[in-house]
Amino acid sequence: MEEKVKKIIKEAEEKIALIKEVIEINELKSRFLGKKSELFSLTALFRTLDSEKKKELGILINKTKAKIEALIEVKREEILARIMAEKLAKESLDVTLPGVMFNSGSKHLLTKVIEDFEDFFIGLGYEIKDGPEVESDYYNFEMLNLDKDHPARNMQDTFYVDVNQLLRTHTSPVQVRTMEKAEGKPIQIICPGKVYRRDEDDQYHSHQFMQIEGLVIGEGINMTHLKGTLLAITKHFFGEDKEIRLRPSYFPFTEPSVEVDVFDGEGYVELLGAGMVHPKVLQMSGYNPEVVTGFAFGIGLERLVMIKYGLDDIRHLYTNDLRFLNQFKGVK
Ligand code: PHE
């Protein structure tokens with residue numbers, strides 16, 4: 001009997017040593033420990049034995065069973081450990097490898113400046129308006145007191161789509177459109193956007209550039225409001241210590257008209273144009289100039305940006321040279 005059991009254990013050891021997968025364990029279990037196993041078949045002998053022998057055989061069978069079970073358990077642990085080790089090796093991550101650098105873009109300097117101005121004006125209670133870049137002669141010129149043969153049209157020659165359609169020369173037509181819609185009510189707006197002129201491109205001129213024009217209309221609006229607003233704009237953009245100077249100028253749509261200069265430490269630099277809205281312009285858009293007045297200003301954005309950041313050529317702002325653009329990544 002001892003011999004037989006030894007043989008069973010030996011065979012089990014051999015078979016267990018060969019298996020590689022967890023599923024094979026169940027097969028082995030039924031083969032060596034199940035109802036059809038050799039070990040189990042030994043229980044048939046019970047009937048033939050006296051109680052003493054029966055007890056001995058019972059103990060032997062149980063011991064053998066426990067032994068085989070233990071062998072299988074060790075094997076199971078071994079297989080699971082191997083699977084885990086393989087998995088870890090496959091999914092391992094070397095945190096010392098150099099990372100992949102992603103190039104991050106940033107907003108263009110002009111976009112940042114426009115957004116900054118928008119925030120500033122919203123803080124002052126202004127609304128932001130836009131309008132078409134292909135504009136009618138009517139809104140771009142006539143409604144701004146520039147009749148068809150007005151000599152001041154010379155200052156703003158542009159690209160024509162046909163006799164009545166053109167690329168807008170300023171964002172003032174957006175102001176006219178807003179006035180028409182407002183039906184005599186007070187207005188406080190800025191109009192940022194692209195404008196076009198038939199200028200020869202050079203260091204300081206471009207056939208396309210950006211403007212932010214502003215318009216305020218209401219009862220009792222006067223030059224002091226205009227001057228205070230212009231000073232606030234200048235201090236916001238160039239610094240609190242800056243002062244401005246107003247010089248008389250001429251625009252067909254404002255009367256009086258001024259040119260605004262900022263003192264840059266050495267002398268005055270021309271910044272922008274402004275004025276009190278011409279009574280005729282108010283009247284054409286449905287306002288009674290006897291009751292309401294208004295002021296308007298027009299900022300040429302590139303000009304301001306060039307002064308503030310010391311740019312020597314307006315074209316840097318359009319040619320998208322990363323060496324130039326990246327210098328302004330940090331500008332808020
Ligand atoms: N529209 C003028 C221009 O583009 C600027 C301006 C706006 C001047 C408002 C005075 C008042 O040249």
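Starting from 1, each residue takes its place in the sequence as its number. Whatever order the structure lists them in is the order used to number ligands and atoms, beginning at 1. On a predicted model such as this, the values are computed, not experimentally measured, just so you know.
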Under 3.5 Å, which donor-acceptor pairs link side chains of residues 270-298 to any protein atom two or more places apart or in another chain?
residue : atom : partner : partner atom : Å
H278    : ND1  : K280    : N            : 3.0
K280    : NZ   : N145    : OD1          : 3.3
Y287    : OH   : K185    : O            : 2.6
N288    : OD1  : E290    : N            : 2.9
T293    : OG1  : I221    : N            : 3.2
T293    : OG1  : I221    : O            : 2.5

Write out the protein residues near ligand 1, meaning a non-hydrogen atom under 4.0 Å from one of its atoms, in order of chain and number. Q156, H170, S172, R197, Q211, E213, F251, F253, T254, G273, A274, A296, F297, G298
For the residue pair H207 and F159, does the interplanar ring angle fall in the parallel (under 30°), tilted (30 to 60°) or perpendicular (over 60°) class? perpendicular
Taking only residues at least two apart or on different chains, which pairs with a member in residues 53-77 satisfy side chain to side chain donor-acceptor pair (under 3.5 Å)? E73-R76, K75-E78
Examine R177 relative to Y139 and say whether NZ or CZ is less than 6.0 Å from the centre of the six-membered ring and inside a 45° cone about the ring axis. yes
Indicate whether the side chain of E302 and that of Y318 have a donor and an acceptor atom separated by less than 3.5 Å. yes
N/O donor-acceptor pairs under 3.5 Å from side chains in residues 108-115, not counting sequence neighbours:
residue : atom : partner : partner atom : Å
H108    : ND1  : L110    : N            : 3.0
H108    : NE2  : L317    : O            : 2.9
K112    : NZ   : F328    : O            : 2.9
K112    : NZ   : K329    : O            : 2.9
K112    : NZ   : V331    : O            : 2.9
E115    : OE1  : K107    : NZ           : 3.0

